[in-house]
2 protein chains.
Amino acid sequence: MGRPALLIIDMQNDFVLEGKPLRVAGAGKVIPKIRSVLAEFRRRLLTVFHIVRVHRPDGSDVEIIRQELFRKQPFAVAGSHGAAIIAELSPHEGEYILTKTRMSAFLGTELELMLRTLGITGLVVCGIQTPNCIRTTVFDSIAYNYPVMLVDDATGAASNEVHQSNIRDMQNIGVKIVRAAELSDVLDRWERFPD
Amino acid sequence: MGRPALLIIDMQNDFVLEGKPLRVAGAGKVIPKIRSVLAEFRRRLLTVFHIVRVHRPDGSDVEIIRQELFRKQPFAVAGSHGAAIIAELSPHEGEYILTKTRMSAFLGTELELMLRTLGITGLVVCGIQTPNCIRTTVFDSIAYNYPVMLVDDATGAASNEVHQSNIRDMQNIGVKIVRAAELSDVLDRWERFPD
């Protein structure tokens, strides 16, 4: 069925490192799984997007309902260490870094234009966190007609319960849920995706 | 804080009536609650949108992953009885009917342009079903900077468990969750919304 692309979402210091106020509890344990997914895409020379939330220092591009939070505790500020991708997942040359200001990677970004330009026909998603940036991006993928696969154990949330209930809802609308260890086989069978 | 609008989502015969293949199990029991929410908005002469999914008979505007389902069992086809709003919630003159082809009421529709034109500053959402059209619309409301309130008991899903886990996730991102019986008081205090 053509070309898949990988979207790694929000794996930034502010959301992953121990002690950061906005750290997602389940972020640390998914790093090795994301590394294995990323290695598989690199090995096959497939398209990789590192999707990151980045805000202006004055917060003018932050959601209205998060403005107060941002004023008290700025997060993902352009140029800061907190906004940078974690060292373990540093982008390689030729991989795309795409910034967003909302949960969905499609909203107010050049993602869809780039996917069309690159001839991408389906997406593989991982990162953090399952109910928010992951799920909105996955639902928008379906809406924009990109069949989408979520790598379950390479995706993290604040708790396992939150993660699992969101996996169930995504599976219910036709999202394919895979494990990182299955990905190589799944990519081999990509032409038959979605099953 | 200005003007709220009500969005009643997908309360159409194909998704509500007994025996319909795509009926949402929890749709029937929320009808009286939606009627009470709607009556409150009508009494106050506030803006009401009836949001409906409507598809062309050839299915060209259906999500790719639902094309096969649509071919086997067309749903919400323009002009059909199935696509019509249920009798109990028939729109009154002066209320808006807005059609969509995706889950979110914002995606590929004139909703945001209309909200701006009307000076709407916040949304009250109810209808079906919680994990899909309701949640995507609610998350997009937040992304587009409209504080949003969900009427819990006027919103239905396939099961209570699915409904509740989605309510939790929406509450976690700052969505205000209210009961239909509270709405009158909440609208009285609207100027202080969101709390």
Side-chain angles (χ1 to χ4, degrees), chain A residues 1 24 53 60-69 100-109 112 121-123 129-149 157-159 161-176 193-195, chain B residues 1 24 53 60-69 100-109 112 121-123 129-149 157-159 161-176 193-195:
Chain A
M1 165 178 194
V24 174
R53 180 183 276 258
S60 51
D61 54 13
V62 174
E63 292 96 330
I64 275 186
I65 65 159
R66 289 188 175 191
Q67 294 266 338
E68 200 181 323
L69 172 69
K100 63 183 175 68
T101 61
R102 291 296 184 269
M103 291 184 185
S104 170
F106 285 91
L107 215 158
T109 73
E112 219 238 325
T121 53
L123 299 172
Q129 54 175 315
T130 324
N132 298 342
C133 299
I134 297 292
R135 179 165 168 158
T136 51
T137 300
V138 163
F139 271 65
D140 277 351
S141 301
I142 298 294
Y144 285 109
N145 283 336
Y146 294 92
V148 56
M149 210 184 295
S159 75
E161 190 201 341
V162 167
H163 178 74
Q164 291 304 336
S165 63
N166 280 280
I167 293 288
R168 172 205 60 208
D169 291 347
M170 288 188 271
Q171 201 158 27
N172 280 344
I173 65 156
V175 175
K176 191 169 167 67
F193 174 82
D195 293 322
Chain B
M1 169 179 193
V24 174
R53 180 183 276 258
S60 51
D61 54 13
V62 173
E63 292 97 330
I64 275 185
I65 65 157
R66 289 190 176 190
Q67 294 266 337
E68 200 180 324
L69 172 68
K100 63 182 175 67
T101 60
R102 290 295 184 268
M103 292 186 185
S104 170
F106 285 90
L107 215 158
T109 74
E112 220 238 324
T121 54
L123 298 172
Q129 54 175 319
T130 324
N132 298 342
C133 299
I134 296 293
R135 178 165 170 158
T136 51
T137 299
V138 163
F139 271 64
D140 277 351
S141 301
I142 298 294
Y144 286 109
N145 283 336
Y146 294 92
V148 57
M149 210 184 293
S159 75
E161 190 201 342
V162 167
H163 178 73
Q164 291 304 337
S165 62
N166 281 279
I167 292 288
R168 174 204 59 207
D169 290 347
M170 288 188 271
Q171 201 157 28
N172 280 345
I173 65 155
V175 175
K176 191 169 166 67
F193 174 83
D195 293 322

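In what follows, every chain begins at residue 1, and chains take the letters A, B, ... in the order their sequences are listed.
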J.: Is any side-chain heavy atom of Asp140(A) closer than 4.5 Å to a side-chain heavy atom of Arg102(B)?
T.: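 No, side chains not in contact.
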J.: Which pair of non-hydrogen atoms, one from Ile65(A) and one from Gly174(B), has the smallest distance, and what is that distance?
T.: CD1-CA, 4.2 Å
J.: Which residue out of Asn172(B), Val162(B), Thr136(B), Ile173(B) racks up the most heavy-atom pairs below 4.5 Å with chain A?
T.: Val162(B)
J.: Using heavy-atom distances under 4.5 Å, tell me whether Gln67(B) contacts chain A through its side chain, its backbone, both, or neither.
T.: neither
J.: Report the distance from atom CD of Glu161(A) to atom CZ of Arg168(B), rounding to the nearest 0.5 Å.
T.: 5.0 Å
J.: When rounded to the nearest 0.5 angstrom, what is the spacing between CD1 in Ile142(A) and CD1 in Ile64(B)?
T.: 10.0 Å
J.: Less than 4.5 Å to any heavy atom of chain B: does that hold for the side chain of Leu107(A), its backbone, both, or neither?
T.: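 Interface part for Leu107(A): side chain.
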J.: More than 12 heavy atoms of other residues, nucleotides or ligands under 6.0 Å from CD of Gln164(A): yes or no?
T.: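 Count over threshold, so yes.
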